[in-house]
Amino acid sequence: MNLNIKDTFNTELPADPVHENTRRQVTQACFSYVKPKSTANPSLIHASKELAQDLGLTEDDLKSEEFKNLFSGNSVLSGTNPYAMCYGGHQFGNWAGQLGDGRAINLFEVNHNNKQWALQLKGAGETTYSRTADGLAVLRSSIREYLCSEAMYHLGVPTTRALSLALTGDQVLRDVLYNGNPEYEKGAVVCRVAPSFIRFGNFEIFSARQDKKTLKTLTDYTIRHFFPHLKEGTKEEYLHFFREVTHNTLDMIIHWQRVGFVHGVMNTDNMSILGLTIDYGPYGWLEGYEEGWTPNTTDRQYKRYRYGNQINIGLWNLYQLANALFPLIKEAKPLEDILMEYRNNYSTKYLSTMKSKIGLFNTDKNDAELLNRLEENLQLTETDMTIFFRNLNRISKDNLSNEDYLTPVMDAFYVQEEVKGDILEKWKQWFTDYQNRLQKESIGDSLRVEKMNNVNPKYVLRNYMAQLAIDDADKGDYSLLDEFFQLLKNPYQEQTSAEKWFVKRPEWARHKVGCSMLSCSS
């Protein structure tokens, strides 16, 4: 392999002077040196050829022993120094202190075609920050991360990516639902790729410890490498930096809402400073449209991270980042003004996004009310989000009678018999108003359908689909894993051979572990 290694994080930022891999508090340092754990019998399951090319890797590289050993954690590239990041975070609204990369090991950074990439192994062994955990990952959670991060990329959602998925040959003990029933599962390692894995929590830890020097060093580094159009070192530029982070975070969450993605654990240590979706744990996709749904069993009682609250949590997390950056700015009002921009921009951007999903591109004063009623109607009876919005394009603005107004979206209803009486009347009224509103659009049906199809995916990684791939992979059959990987490269396209995946969640998956019930070990 001929990788152009160009490390910056572990060469420009302060390192933990202690090189022993022992669990402890690490101060005045951005990272600790660690090495991956050798495994019993590593084997490569899958790799992304597309992403490999972006890193300067060839197809022959992907088939090599060197690639397998390096990205399963069984070897370290000569001249590189793997490390784990130090950060803190708020978990479920409470300050948790030092957290850090407990099961992630950063291998190195690569520069290819003038783009910088950090490569990180998830599940390659314990680190200084593993606390009481083993730092390992299992096949189940690794498949979920591998498939979903690549699926999100092709959906146009800002995200970290995944280069490879490998089995370790080891058995790992996990309690899937934290209910006292641990079982051994197959160990696995995912190689994650992003321009950077810096999180809100990287800044929070130094601010909480009143370590302004390291906070400033980290902030200047981040601006220098990832916001190079800004100047490091001044209060004004720190404010510009914070404003861009808020904009990127908002854009990411708007995309989540657009495709029906629920992160499940939006702690500040799981928030990327670059506005990328990071840490695919107990995530889930809305099957039935439900604003109160959360995939995380730990969050079932209070539903802090439910679908309908993600935008508010983004703001709450940005408040914590503002507090962390305050020592560099020393003024609250300009930070508060930027946070207010987030609120105002959310209303505008969300309205625009949801309008595009139903094919409205002109301006009308009643659009917000029409969308509010739609979101209420979608929850009157269980309604599949992906199917409803995708099939809404079948409605012509010129040809719709009272008899057939529901026909194009009928497949989206889980219990079609419930669409009667008051529910039927509310839908009838909405479609009548929608039809009248379509008349005001200046574009024709064909262009409107094209634009709708570009924002309403036909294929997403439904929770049960991921579980099917996991079940087969656990038996040594990776064909479904590859089928989904290929399918989700073109989520907005009609794929006639894949129509069987454009269906509602099957009943057997409604309450199945892995499909509806997920924990942070997922």
Notebook entry, point to check: Passes side chain to side chain contact (heavy atoms under 4.5 Å, CB included), Phe241 versus Glu244? Steps please.
Noted result: CA-CA 5 Å; Phe241 164 63; Glu244 293 206 20; 5.9 Å; no
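- Within a 6.0 Å radius of NZ in Lys35, no more than 12 heavy atoms belonging to other residues, nucleotides or ligands are found.
- The closest side-chain heavy-atom distance from Thr160 to Gln120 is not below 4.5 Å.
- Here the closest heavy-atom approach between residue Val259 and residue Tyr492 is recorded as CG1-OH, 4.4 Å.
- Residues Thr132 and Arg23 come closest through the heavy atom pair C-NH2, 4.5 Å.
- In this structure, Asn463 contributes its side chain and Gly514 its backbone to no donor-acceptor pair below 3.5 Å.
- Taking 4.5 Å as the limit, every side-chain heavy atom of Asp472 sits out of range of all side-chain heavy atoms of Tyr478.
- Judged by distance alone, with hydrogens and angles left aside, the side-chain atoms of Asp299 form a donor-acceptor pair with the main-chain N or O of Tyr305 at under 3.5 Å.
- With no hydrogens or angles considered, no side-chain donor-acceptor pair links Asp482 and Ser479 at under 3.5 Å.
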Margin query: Pair Lys357, Leu392 - check side chain to side chain contact (heavy atoms under 4.5 Å, CB included), show working.
Written below: CA-CA 9 Å; Lys357 285 180 70 65; Leu392 196 63; over 6 Å; no
Checklist line | Residues Leu163, Leu119; criterion side chain to side chain contact (heavy atoms under 4.5 Å, CB included); working and verdict | finding: CA-CA 9 Å; Leu163 172 64; Leu119 280 72; 4.2 Å; yes
Margin query: Before you tell me yes or no, could you show the steps for Asn296 and Thr294 under side-chain hydrogen bond (donor to acceptor under 3.5 Å, both in side chains), namely the whole-Å CA-CA distance, both residues' side-chain angles and the distance that decides it to 0.1 Å?
Written below: CA-CA 6 Å; Asn296 190 347; Thr294 174; 5.7 Å; no
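- The CZ atom of Phe9 lies 10.5 Å from the OG1 atom of Thr11; values are rounded to the nearest 0.5 Å.
- Leu107 has its side chain within reach of Pro36: a pair of non-hydrogen atoms, C-beta onward, lies under 4.5 Å apart.
- Expressed to the nearest 0.5 Å, how far CG of Asn267 lies from CG of Leu99 amounts to 8.5 Å.
- Closest approach of Glu287 and Arg462 over heavy atoms only: OE1-NH1, 2.7 Å.
- Among residues at least two apart or in separate chains, ring-ring contact (aromatic ring centres under 6.0 Å, His included) pairs with a member in residues 136-158 are His46-Tyr146, Tyr146-Phe485.
- Taking the six-membered ring where tryptophan is involved, the planes of Tyr459 and Phe502 are perpendicular, since the angle between them exceeds 60° and thus also 30°.
- The closest side-chain heavy-atom distance from Arg174 to Arg140 is below 4.5 Å.
- Between Leu77 and Leu70, the shortest heavy-atom contact is N-CD1, 3.6 Å.
- Of the candidates Gln116, Glu109, Glu12, Glu12 is the only one forming a side-chain hydrogen bond (donor to acceptor under 3.5 Å, both in side chains) with His225.
- Contact check for Arg505 versus Cys515: no side-chain heavy atoms found under the 4.5 Å cut-off.
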Would you mind writing out the side-chain donor-acceptor pairs for residues 83-96 within the sub-3.5 Å range, not counting sequence neighbours?
| residue | atom | partner | partner atom | Å |
| --- | --- | --- | --- | --- |
| Tyr87 | OH | Gly100 | O | 3.2 |
| Tyr87 | OH | Asp101 | OD1 | 3.0 |
| His90 | ND1 | Glu204 | OE2 | 2.7 |

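- Other residues, nucleotides and ligands contribute over 12 non-hydrogen atoms within 6.0 Å of the CD atom of Glu499.
- Considering only heavy atoms from C-beta on, Val503 comes within 4.5 Å of Tyr464 through its side chain.
- A distance-only check finds no donor-acceptor pair linking the side chain of Gln320 to the backbone of Thr268 [under 3.5 Å].
- When atom types are taken as modelled, the side chain of Lys451 and the backbone of Ser356 share no donor-acceptor pair closer than 3.5 angstrom.
- Annotation for Leu44 and Ser164: closest pair CD1-CB, 3.9 Å, computed over non-hydrogen atoms.
- Note on Glu145 versus Arg192: salt bridge recorded, some NZ/NE/NH1/NH2 to OD/OE distance being below 4.0 Å.
- Under a 3.5 Å cut-off, the side chain of Thr277 and the backbone N or O of Thr159 do not form any donor-acceptor pair.
- By the 4.0 Å N-to-carboxylate-O rule, Glu50 lies too far from Lys489 to be salt-bridged with it.
- Ring geometry, Phe31 versus Tyr33: the interplanar angle exceeds 60°, so the pair is classed perpendicular (tilted spans 30 to 60°).
- One side chain, Asp471 or Gln467, offers a donor N or O that lies under 3.5 Å from an acceptor on the other.
- In this structure, a donor-acceptor pair under 3.5 Å is present between the side chains of Asn74 and Ser72.
- Distance alone, capped at 3.5 Å, is enough to place a donor-acceptor pair between the Arg24 side chain and the Thr22 backbone.
- Checking side-chain atoms of Gln98 against main-chain N and O of Tyr129 turns up no donor-acceptor pair under 3.5 Å.
- For the pair Arg161 and Trp117, the cation-pi criterion (under 6.0 Å, within 45° of the ring axis) is not fulfilled.
- A salt bridge does not link Arg103 to Asp279: none of the charged nitrogens lies less than 4.0 Å from a carboxylate oxygen.
- Below 30°, between 30° and 60°, or above 60°: for Phe261 and His263 the angle between ring planes is above 60°, a perpendicular geometry.
- The backbone N or O of His112 sits nowhere less than 3.5 Å from a side-chain atom of Asn4 that would complete a donor-acceptor pair.
- Side-chain contact between Val245 and Phe203: absent, with no pair of heavy atoms (C-beta onward) separated by less than 4.5 Å.
- At least one cation-pi condition fails for Arg144 and Tyr280: the charged atom is not both under 6.0 angstrom from the six-membered ring centre and inside a 45 degree cone around its axis.
- Using a cutoff of 4.0 Å between basic side-chain nitrogens and carboxylate oxygens, Asp251 and Lys349 are scored as salt-bridged.
- Nearest heavy-atom pair across Leu165 and Ala188 is CD1-CB, 4.4 Å.
- Thr353 places no side-chain N or O within donor-acceptor distance of the main-chain N or O of Tyr350, the cut-off being under 3.5 Å.
- Ionic pairing of Lys49 and Glu59 is present here: one or more N-O contacts between side-chain nitrogen and carboxylate oxygen are shorter than 4.0 angstrom.
- Of the N and O atoms on the side chains of Ser75 and Asn69, not one donor lies less than 3.5 Å from an acceptor on the other residue.
- Put simply, the side chain of Tyr307 does not reach to within 4.5 Å of the side chain of Trp256, judged on heavy atoms.
- Electrostatic pairing of Lys37 and Glu126 does not count as a salt bridge here, judged by no charged N lying under 4.0 Å from a carboxylate O.
- Looking at Glu291 and Lys303, no side-chain N of the basic residue comes within less than 4.0 Å of a carboxylate O on the acidic one, giving no salt bridge.
- Distance check: Glu150 CD to Leu51 CG gives 5.5 Å after rounding to the nearest 0.5 Å.
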Note to self: Evaluate Asn202 against Arg199 for side chain to side chain contact (heavy atoms under 4.5 Å, CB included), listing each step before the verdict.
What the structure shows: CA-CA 5 Å; Asn202 289 79; Arg199 303 134 186 277; 3.5 Å; yes
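- Without hydrogens or angle criteria, Asn490 side chain to Gln493 main chain gives no donor-acceptor distance under 3.5 Å.
- The side chain to side chain contact (heavy atoms under 4.5 Å, CB included) test applied to Ser196 returns Ile198, Phe226, Leu274, not counting sequence neighbours.
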